[in-house]
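Report on the following structure.
Reminder, nothing fancy here: chain letters follow the sequence lines and each chain counts from 1. Keep in mind that what you see is a predicted model, and the values were worked out from it rather than measured.
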Amino acid sequence: DTEVTQTPKHLVMGMTNKKSLKCEQHMGHRAMYWYKQKAKKPPELMFVYSYEKLSINESVPSRFSPECPNSSLLNLHLHALQPEDSALYLCASSQGRGAHRETQYFGPGTRLLVL
Amino acid sequence: QQQVKQSPQSLIVQKGGIPIINCAYENTAFDYFPWYQQFPGKGPALLIAIRPDVSEKKEGRFTISFNKSAKQFSLHIMDSQPGDSATYFCAATRGSTLGRLYFGRGTQLTVWP
């Protein structure tokens with residue numbers, strides 16, 4: 001089973017709201033990723049967690065705050081977002097053993113609209 | 001600077017045709033080249049992947065051709081079907097970058113019935 005699940009599927013929030021995106025995988029993967037994807041563009045890497053530790057932060061604004069409570073879960077906390085943050089937010093996971101030649105499996109994404 | 005260049009940006013073929021999507025890279029440290037297929041409103045799904053020690057890999061109707069000396073690789077879709085209409089992304093990665101994927105810009109494929 002190569003399934004990564006994400007909730008919610010859709011989210012509309014105001015610029016003063018606080019919300020969270022959730023991602024879960026049960027493949028025993030130890031690396032998890034957050035990506036942002038704008039329409040007709042490739043996914044852009046935001047964060048990478050390896051063995052539940054933040055390994056990569058691609059200079060993402062602090063209004064995005066990732067959290068990895070355990071090896072199966074990944075959250076993205078959102079606060080004071082801007083309309084330009086509206087996008088499809090994708091979670092992915094991979095085996096995490098040295099990250100060499102690893103396949104990343106993506107979830108279906110959360111479609112976020114910031115008003 | 002874009003690490004992986006992909007062309008064409010869009011492609012229209014008739015059912016049964018063989019669309020070809022091309023990608024090129026500069027960084028010879030890349031050692032794994034996956035292709036992802038993405039339908040509207042969905043996440044990318046791994047389609048097929050290749051390593052540089054192999055010149056061709058086939059899975060069903062999808063074939064990757066790899067030219068290491070030219071630093072190019074391409075996706076061929078045999079007997080294309082309307083259900084293949086999607087956006088295709090090539091990507092590259094190298095072992096030292098914790099699975100960081102460098103994506104091409106994507107090709108929007110439309111297969112007419």
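Connection of A:Leu81 to A:Leu11 is established within a shared hydrophobic cluster, with ILVMFWY side chains joined at heavy-atom distances below 4.5 Å, either directly or through further cluster members. Follow the hydrophobic side-chain contacts under 4.5 Å out from A:Val60 and you reach A:Leu76 in the same cluster.
No other option in A:Gly107, A:Ala92, A:Pro43 has as many heavy-atom pairs under 4.5 Å with chain B as A:Pro43. Contact count against chain B (heavy-atom pairs under 4.5 Å) is highest for A:Gln37 among A:Gln37, A:Arg111, A:Gln6, A:Lys41.
With side-chain heavy atoms closer than 4.5 Å counting as contact, directly or through intermediates, the hydrophobic cluster containing A:Leu113 also holds A:Val12, A:Leu115.
In this structure the side chain of A:Thr103 never reaches within 4.5 angstrom of the side chain of B:Pro34, judged on heavy atoms.
Once rounded to the nearest 0.5 Å, the distance linking CZ of B:Arg100 with CG of A:Leu45 reads 5.5 Å.
For B:Gln108, the part sitting under 4.5 Å from any heavy atom of chain A is the side chain, from C-beta outward, and nothing else. With a 4.5 angstrom heavy-atom cutoff, B:Phe30 does not touch chain A via any of its atoms. Contacts between B:Gln38 and chain A at a heavy-atom distance below 4.5 Å involve the side chain alone, from C-beta outward.
A:Lys38 NZ: more than 12 foreign heavy atoms inside a 6.0 Å radius. Within 6.0 Å of CD in B:Gln14 there are 12 or fewer heavy atoms belonging to other residues, nucleotides or ligands. Atom CD of B:Glu26 is surrounded by 12 or fewer heavy atoms from other residues, nucleotides or ligands within 6.0 Å. Around CD of A:Gln82, the count of heavy atoms belonging to other residues, nucleotides or ligands within 6.0 Å exceeds 12.
Residues B:Phe103 and A:Pro42 come closest through the heavy atom pair CB-CB, 3.6 Å. The two residues B:Gly43 and A:Leu90 make their nearest non-hydrogen contact at CA-CD2, 3.7 Å.
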Practice problem: Please assess A:Tyr35 against B:Leu101 for the test side chain to side chain contact (heavy atoms under 4.5 Å, CB included), listing each intermediate value before the final yes or no. | Solution: CA-CA 11 Å; A:Tyr35 288 85; B:Leu101 281 173; 4.1 Å; yes

